[in-house]
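What follows is one structure encoded as structure tokens, with my remarks underneath.
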Amino acid sequence: MLLRGFVLVVPRCMMADRRRVRGAGRATRFGDLDVPSKKALIRRPSPRLAEGLVTHVEREKVDVELALRQWEAYAEALRTHGWETVEVDPADDCPDSVFVEDTVVMYKNVALIARSGAESRRDETLGVEEAVARLGCSVNWIWEPGTLDGGDVLKVGDTIHVGRGGRTNAVGVQQVRAAFEPLGARVVAVPVSKVLHLKSAVTALPDGTVIGHIPHLDRPSLFPRFLSVPEESGSHVVLLGGPRLLMAASAPKTAELLADLGHEPVVVDIGEFEKLEGCVTCLSVRLRDLYV
Ligand SMILES: NC(=O)NCCC[C@H](N)C(=O)O
């Protein structure tokens, strides 16, 4: 079914496969705008989760059962706020597979399949290719010698910031440019040396303001509108729609700051994933531009 290097045409009968889709049929409104879809890819944690990679933090014992409960609550929070969750086939042999954000970058209806800078994570893309094709995306790939983790890609409107760091190389950045600039994006490369991924350091609010924790940023001046937040995990928000922001329970001061600015934090405990350098963004991939 998957032909590398070609844009895929997926038969309608495949797109109707909704076995692992939950929350389907709910409203598709994003703030004040109608959007074609509000689907989110998620992937069940591997039983080997505790073996996941750690790079910038000390290894701590991970409670896999607690992690599963936290993952279920995270998925439920997405559904409660109107997102259909689409479960990618589990990859039980890949400890880090729950961090599905790193495997694919969406822009418009194109799914760019990543090629992780961590070799041990490369097999994770297999089920993801299948999942995005089933949803009607056109599929493209990062090719050797390029490397890219989805966590290094931050979209703010049509500006795509790509972190050049431990997991994403210059060829990977160039391949993102080649894939998305013809579709109307502008790709901006950002140096990342202090944290795992660009989105470990910064994400963006619904109005486009980039938020981050200064000690983890190489060059805050690269972001034209920037708000400093008091906690590392406060840098991570998932836009749920309107003023609602999915955030980690480990950033209470940032939640208070953002609530005071008129946002509505929706808080989830993802402590077991944080032990593996995960954050709220990395547990899902939102697909907002699919007309299916
Ligand atoms: N996008 C993300 O923030 N991904 C987190 C990945 C954590 C995983 N343990 C890793 O090192 O690859």
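Counting convention: from 1, in listed order, for ligands and their atoms alike.
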Next on the checklist: I want to check something: taking the side chain as every heavy atom from C-beta on, are Ser284 and Tyr74 in contact at a cut-off of under 4.5 Å?
Outcome noted: yes
Next on the checklist: At less than 4.0 angstrom from any atom of ligand 1, which residues have a non-hydrogen atom? List them by chain and residue number.
Outcome noted: Leu53, Asp96, Phe99, Glu101, Asp102, Arg121, Gly151, Arg167, Leu196, His197, Leu276, Glu277, Gly278, Cys279, Cys282
Please tabulate, for the side chains in residues 64-71, all donor-acceptor contacts under 3.5 angstrom to protein atoms that are two or more places apart in sequence or on a different chain.
{"unit_1": "Gln70", "atom_1": "OE1", "unit_2": "Gly271", "atom_2": "N", "d": "3.3"}
{"unit_1": "Gln70", "atom_1": "OE1", "unit_2": "Glu272", "atom_2": "N", "d": "3.0"}
{"unit_1": "Trp71", "atom_1": "NE1", "unit_2": "Arg43", "atom_2": "O", "d": "3.2"}

Next on the checklist: According to ring pair (Phe, Tyr, Trp, His ring centres under 6.0 Å), who are the partners of Tyr107, at least two apart in sequence or on a separate chain?
Outcome noted: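 By the ring pair (Phe, Tyr, Trp, His ring centres under 6.0 Å) rule, Tyr107 matches Phe180.
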Checklist entry - Taking NZ, NE, NH1 and NH2 as the nitrogens, is one of them in Glu84 or Lys38 under 4.0 Å from a carboxylate oxygen of the other? => result no
Item to check | side-chain hydrogen bond (donor to acceptor under 3.5 Å, both in side chains) against Ser235, all qualifying residues, sequence neighbours excluded | outcome: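 Per chain and number, Ser235 pairs via side-chain hydrogen bond (donor to acceptor under 3.5 Å, both in side chains) with no residue.
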Checklist entry - Between His216 and His213, how do the two ring planes meet: parallel, tilted or perpendicular, split at 30° and 60°? => result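 Ring orientation, 0 to 90° scale: tilted.
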